[in-house]
Amino acid sequence: MPDRAPQQVDRQLPTDEARELISLVRDIAQHEIAPKAAEEEDAGHFPREVFRLLSASGLLGLPYDTEYGGGNQPYEVYLQVLEELAAARLTVGLGVSVHTLACHALAQYGTKEQQAEHLPAMLGGGLLGAYCLSEASSGSDAASLRTRAVRETGSAPGAEHGGDWSITGTKAWITHGGIADFYTVMARTGEQGPRGITAFLVPGDAAGLSGAAPEKKMGMKGSPTAQVHFDQVRVSDERRIGEEGQGFAIALSALDSGRLGIAACAIGVAQAALDQALGYASERRQFGRPISDFEGLRFMLADMATQIEAGRALYLAAARLRDAGLPFSKQAAMAKLHCTDTAMKVTVDAVQVLGGYGYTADFPAERFMREAKALQIVEGTNQIQRMVIARHLAGPETR
């Protein structure tokens, strides 16, 4: 049965520039991303050429300053771009979100000199970034990370920038691990716990840095997720971001924004699954009429659409708080939780709408379902999101 073209989401955008931007993204998604998505995901092919196109089109630095090659777009707009990309292929939408996350530390906490030196290439020079926080033994408990950065002999502690660092350890579950051009790395430079962590910008070709074989995942097979090994990787102190011991605060700041990126990607996947289900239901005939005529299925589609609209409204409300400079950590956790749970439910329902066909690789519904599961895990599991929300509501846990 032929696929019906996806319905365009009726977006409320703040400017004519934003509307033109979404039009550009839809054109790229329709002609350069979606046609190859199923085949390349099945083959485990990472579309690096697409990311070069996105970079050349100004889409890898949308929320950052134009002074350094960014798009100076509000998060309200940037997230809707992510949603469009993820609806076409999650590997691309999530990849842009991770790249943006990898640029956050330098863009928000770097010195003017560091930003001028590195950001133009990171935002618009065709480079691809990765974010290195998690480790095999410190996933949800990120503050217990063990990767260590040690000052080289002769370096001057206390100097604003001076000397070199040697980084040793292994990061785990790194999107773009082994293929990234730069890594934002959180490493221990002091005491145990969150106050002993510092952020570094490490080039992808640094001596002693290597990526392991990508993990064999149930979904997002085209997006490489791998361990990254640091074997006495030498990094100049000029690549230290922020103050010593500030790294964990920098990481949390980035994750609040990153969670909104995951929420937007989740709604993109859910929207794609709904479009697939609607197209199939309008064409598939049983008992002499389209199955979309049957009340039970119509109610299922109505629930799917309502959940998607609610998720979109939630992530946009959080984005507008961020754009206004207001606290948004609780709302980011709520958006990540709700939108990814919605993606899981909607994709499962889409498979059900397609019946036996939904369980085959002939239709993308099964791929959407496998991909949605990852979104409930990355950028903090949904159990962690509930903990974050509860702390905002009831205060820290008593111990």
Side-chain angles (χ1 to χ4, degrees), residues 1-10 26 29-30 33-42 82-94 217-223 262-286 289-315 335-378 382:
M1 294 183 182
D3 291 341
R4 187 173 72 173
Q7 294 183 329
Q8 288 192 356
V9 176
D10 184 16
R26 284 174 172 167
Q30 179 182 352
I33 301 175
K36 305 174 184 176
E39 179 183 354
E40 292 188 350
E41 283 296 321
D42 187 54
L82 281 188
E83 185 190 328
E84 293 279 347
L85 293 173
R89 185 177 178 187
L90 181 58
T91 285
V92 176
L94 184 75
K217 308 190 299 292
M218 67 183 288
M220 289 179 57
K221 296 179 180 180
S223 175
I262 298 302
C265 286
I267 293 302
V269 172
Q271 184 68 57
L274 174 60
D275 290 341
Q276 178 71 34
L278 280 168
Y280 181 87
S282 66
E283 297 164 1
R284 174 69 167 171
R285 299 182 68 86
Q286 292 287 276
R289 53 180 172 155
I291 63 172
S292 59
D293 277 1
F294 293 95
E295 185 177 80
L297 193 142
R298 293 172 77 86
F299 284 4
M300 183 182 292
L301 294 172
D303 286 345
M304 293 161 72
T306 301
Q307 291 157 6
I308 290 169
E309 286 290 348
R312 184 176 291 121
L314 187 56
Y315 87 63
K336 198 275 182 182
L337 169 65
H338 176 83
C339 292
T340 58
D341 280 354
T342 289
M344 193 72 251
K345 185 176 189 311
V346 167
T347 56
V348 168
D349 286 348
V351 169
Q352 190 71 20
V353 169
L354 270 68
Y357 289 111
Y359 202 67
T360 72
D362 295 329
F363 288 81
E366 59 85 30
R367 172 165 60 87
F368 298 149
M369 186 177 76
R370 289 185 287 106
E371 291 176 340
K373 186 66 225 177
L375 299 174
Q376 293 180 302
I377 299 170
V378 298
N382 282 6

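FYI, the numbering just counts along the sequence from 1. None of these values were measured; they are calculated from a predicted model.
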List the atom pairs, with distances to 0.1 Å, where a side-chain N or O of residues 291-301 and a protein N or O form a donor-acceptor pair under 3.5 Å, not counting sequence neighbours.
| unit_1 | atom_1 | unit_2 | atom_2 | d |
| --- | --- | --- | --- | --- |
| S292 | OG | A281 | O | 3.4 |
| R298 | NH1 | S292 | O | 2.8 |

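Taking all atoms of both residues into account, the shortest heavy-atom contact from S282 to G279 is OG-O, 2.9 Å. Taking all atoms of both residues into account, the shortest heavy-atom contact from G311 to H338 is CA-CD2, 3.5 Å. Between R285 and P290, the closest heavy-atom pair is NH1-CD, 3.4 Å. Closest heavy-atom contact between V346 and Q307: CG2-OE1, 3.6 Å. Heavy-atom minimum distance, A264 versus Y315: CA-CE2, 3.8 Å.
Scanning for side-chain hydrogen bond (donor to acceptor under 3.5 Å, both in side chains) contacts around S223 gives an empty result, with sequence neighbours left out. Taking the side chain to side chain contact (heavy atoms under 4.5 Å, CB included) definition, one finds that E366 meets it with A361, R370, sequence neighbours left out. With sequence neighbours excluded, no residue forms a side-chain hydrogen bond (donor to acceptor under 3.5 Å, both in side chains) with T347. For the side chain to side chain contact (heavy atoms under 4.5 Å, CB included) test, residues two or more places apart in sequence or in another chain that qualify with A266 are C339, T340, A343, L375. With sequence neighbours excluded, the residues satisfying side chain to side chain contact (heavy atoms under 4.5 Å, CB included) with A88 are A29, I33, A34. The salt bridge (Lys or Arg N to Asp or Glu O under 4.0 Å) test applied to E41 returns R89, not counting sequence neighbours. Take A350 and apply the side chain to side chain contact (heavy atoms under 4.5 Å, CB included) test, not counting sequence neighbours, and it matches A273, A277, M304. Annotation: side-chain hydrogen bond (donor to acceptor under 3.5 Å, both in side chains) contacts of K373 (sequence neighbours excluded): Q376.
Panel note: side chain K217, backbone E371; no donor-acceptor pair is recorded below 3.5 Å.
Atom CD of Q352 has 12 or fewer heavy atoms from other residues, nucleotides or ligands within 6.0 Å.
Within the structure, salt bridge (charged side-chain N to carboxylate O under 4.0 Å, His left out) pairs that include any residue of residues 299-312 comprise E83-R312, E309-R312 (at least two apart or interchain). A salt bridge (charged side-chain N to carboxylate O under 4.0 Å, His left out) check over residues 343-353, counting only residues at least two apart or in different chains, returns the pairs K345-D349.
To the nearest 0.5 Å, the span separating CD on Q8 from CD on E84 amounts to 7.5 Å.
In this structure, R26 and V9 have side chains that are in contact, with non-hydrogen atoms separated by less than 4.5 Å.
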